[in-house]
Amino acid sequence: MTKTAQLIFEGKTIDLPIVEGTHGDRAIDITRLRSEAGLITYDPGYMNTGPCRSAITFVDGENGVLRYRGYPIDQIAERGSFTETAWLLIFGELPTRDQLARFSAGLCAEELLHEDVKHHFEGFPPNGHPMAMLSAIVNSLGCYHHDLLEIESKGEFYLAASKIISKVRTIAAFSYRKSMGLPFMYPNPALSYCRNFLHMMFSIPHRHYDPSPEAVRALSLFLTLHADHEQNCSTSTVRMVGSSQANLFASVSAGICALWGRLHGGANAGVVAMLEQIRDGHRTPREVLELAKQKKFRLMGFGHRIYKSYDPRAVILKKAAHELLYKLGKADELMDIGMELESAALSDPYFIERKLYPNVDFYSGIILRALNIPVQMFPVMFAIGRMPGWIAHWYEEHLEHKSKIHRPRQIYTGQVLRDYVPIDER
Ligand code: CMC
């Protein structure tokens with residue numbers, strides 16, 4: 001029997017069904033609330049709103065649990081690769097050897113951009129932010145793949161997903177090369193997904209960049225840990241845009257824009273800026289914490305809407321950052337400063353009471369710095385990683401909610417009614 005919650009309003013009792021997830025999550029189904037009670041829900045920031053059912057990623061923020069399609073993130077991080085994770089998120093199961101080989105070959109086949117796309121980069125100023133270029137050029141892919149603007153079959157979806165996952169890496173690397181005034185390096189189909197990205201970033205004509213296996217592995221881990229995180233701001237954006245039946249290229253391009261903000265994917269660059277200020281003697285860790293407590297500043301890489309405990313991705317990234325620096329024989333002062341700041345915050349009542357812990361962005365920048373990725377590329381790296389998640393969510397929306405456009409309501413607080421005033425009488 002379906003459980004219900006009862007709402008009593010103005011003498012009328014309304015039964016509202018309870019929706020349950022596989023992990024015991026419960027929600028009140030309010031789809032009939034307005035028609036039966038004349039009410040809508042008010043939930044700024046969607047703190048208590050579940051706009052969809054989703055079978056992709058499970059997060060238990062109280063206990064620091066993250067699972068992709070049921071698989072614990074630590075197992076995936078230790079044993080999987082980014083391309084395998086992309087397949088898992090998008091298609092729901094771990095790929096067989098044959099599926100993974102075909103998927104990887106498909107990504108290689110799609111790695112080039114149409115030659116005309118290269119000219120788009122010429123239109124950007126040299127100091128243009130690579131996130132702006134990434135979003136614009138991913139959207140422009142729709143101009144080159146008209147046949148994939150309407151997705152009717154699984155085969156078309158597979159092709160569009162492969163194109164985006166492969167080309168986003170080429171576009172990202174080209175954005176960086178453009179910002180540095182360096183020639184574009186074409187992708188090399190003989191290289192793995194991550195090695196190929198590092199090649200496009202750092203090889204120069206007649207001088208091939210050959211990253212260490214540790215660097216390639218660290219990049220794969222970084223991307224894997226960013227691959228999905230259920231209904232966050234950018235993913236919700238992708239789902240919302242997709243709900244209007246906008247095409248996949250346009251929808252994920254909107255996701256890139258949403259990710260750019262400092263409270264979301266822009267936080268990793270914010271963490272590095274904050275740690276550099278401490279390193280350069282502009283502020284002490286204590287002063288940074290005080291500013292955060294006085295609400296003059298957000299401690300970047302700290303706090304999370306869902307996690308009220310240590311973000312499991314931050315646990316893995318912190319350890320991985322240590323290991324990478326050790327294996328590459330590098331030292332990074334920012335790592336030590338970060339740990340000092342973390343320890344001071346975690347023993348401060350302000351952060352304890354509010355359950356503010358390091359999130360995915362706190363240590364990820366240390367890994368990116370060790371890979372020589374410049375700071376303006378940090379959110380771009382997040383976007384490459386999040387692409388499989390966005391695509392998986394877009395498809396889930398496409399399949400399950402095809403005809404339901406996302407269209408929230410509001411509580412109108414403006415003027416009730418006024419007569420138009422001619423301009424000379426104002
Ligand atoms: N530094 C100082 N105070 C904070 C912080 C922080 N980083 N985060 C939250 N608080 C305080 C906030 O001021 C509020 O205090 P009070 O109860 O006195 O008003 C309380 O903690 C709850 O904060 P909130 O803003 O209501 O929480 P939220 O769920 O709306 O925000 C957040 C989540 C991630 C936007 C926020 O924690 C934040 O701004 N963190 C810094 C930016 C950051 O690291 N973003 C990356 C998030 S994880 C990856 C991603 O999504 O991209």
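All of these numbers come straight from a predicted model, not from anything done at the bench. Atom set for the values below is all heavy atoms of this structure, side chains included, hydrogens, waters and symmetry mates excluded. Numbering of ligands and ligand atoms starts at 1, following listing order.
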Report yes if some heavy atom in the side chain of Pro213 is under 4.5 Å from a heavy atom in the side chain of Val216; otherwise report no. no
Among all protein heavy atoms, pick out the one at the shortest distance from atom 42 (C) of ligand 1; state its residue, atom name and that distance to 0.1 Å. Met300 CE, 3.9 Å
Between Arg386 and His264, is there a side-chain donor-acceptor contact under 3.5 Å, judged purely by atom types and distance? no
Which heavy atom of the protein is the closest neighbour of atom 34 (C) of ligand 1, given with residue, atom name and distance? Gly303 O, 3.7 Å
Mind checking what makes side-chain contact (heavy atoms from CB on, under 4.5 Å) contact with Leu182, not counting sequence neighbours? Arg177, Met180
State, without any angle test, whether Glu396 and Ser54 hold a side-chain donor-acceptor pair at a distance under 3.5 Å. yes
So, do Tyr307 and His229 have ring centers that fall under 6.0 Å from each other? yes
How far is atom 49 (C) of ligand 1 from the closest protein heavy atom, and which atom is that? Asp361 OD2, 3.2 Å
the protein heavy atom lying closest to atom 41 (C) of ligand 1 turns out to be Phe302 O, 3.4 Å
Relative to the heavy atoms of Phe382, which atoms of ligand 1 are at a distance of less than 4.0 Å? 52 (O)
Working for salt bridge (charged side-chain N to carboxylate O under 4.0 Å, His left out), residues Glu84 and Arg79: CA-CA 10 Å; Glu84 191 183 38; Arg79 294 156 72 179; over 6 Å; no
Atom 48 (S) of ligand 1 [closest protein heavy-atom partner, distance rounded to 0.1 Å]: His304 CD2, 3.4 Å
Below 4.0 Å from any atom of ligand 1, is there a heavy atom belonging to Phe362? no
N or O contact, Asn359 vs ligand 1, cut-off under 3.5 Å: yes
Donor-acceptor pair, Lys330 side chain versus Ala370 backbone, under 3.5 Å? yes
Atoms in ligand 1 with a heavy atom of Lys295 nearer than 4.0 Å: 12 (C), 13 (O), 14 (C), 15 (O), 16 (P), 18 (O), 19 (O)
From Lys293, Arg298, Met47 - option closest to atom 32 (C) of ligand 1 by heavy atom: Arg298
Got a sec: does the OH of Tyr412 have more than 12 other heavy atoms crowding it under 6.0 Å? yes
What atoms of ligand 1 come within less than 4.0 Å of a heavy atom belonging to Gly301? 43 (C), 44 (O)
Per-atom contacts, ligand 1 versus Leu263 - under 4.0 Å to a heavy atom: 39 (O), 45 (N), 46 (C), 47 (C)
Going by the atom numbers of ligand 1, which of them fall below 4.0 Å from some non-hydrogen atom of Tyr350? 2 (C), 3 (N), 4 (C), 11 (C), 13 (O)
Mode of Leu356 contact toward ligand 1 - side chain, backbone, both, neither (heavy atoms, under 4.0 Å): side chain
Write out all pairs satisfying ring-ring contact (aromatic ring centres under 6.0 Å, His included) with one or both partners inside residues 312-356, taking only residues at least two apart or from two chains. Phe302-Phe351
Which atoms from ligand 1 have a heavy atom of Gly265 less than 4.0 Å away? 52 (O)
To the nearest 0.1 Å, how far is atom 50 (C) of ligand 1 from its closest protein heavy atom, and which atom is that? His264 ND1, 3.2 Å
Could you check whether any side-chain heavy atom of Arg286 comes within less than 4.5 Å of a side-chain heavy atom of Asp348, counting everything from C-beta outward? yes
Scan side-chain atoms only and decide if Glu342 and Tyr363 contain a donor-acceptor pair under the 3.5 Å cut-off. yes
May I ask you to list the atoms of ligand 1 that are less than 4.0 angstrom from any heavy atom of Ala267? 43 (C), 44 (O), 45 (N), 46 (C)
For atom 33 (C) of ligand 1, which candidate among Arg313, Arg305, Arg354 provides the closest heavy atom? Arg305
Can you pull out the closest protein heavy atom to atom 1 (N) of ligand 1? Residue, atom name and distance to 0.1 Å, please. Leu299 N, 3.0 Å
Give the numbers and elements of all ligand 1 atoms closer than 4.0 Å to a heavy atom of Val360. 49 (C)
Can you find a heavy atom in the side chain of Val138 that is under 4.5 Å from one in the side chain of Val252? yes
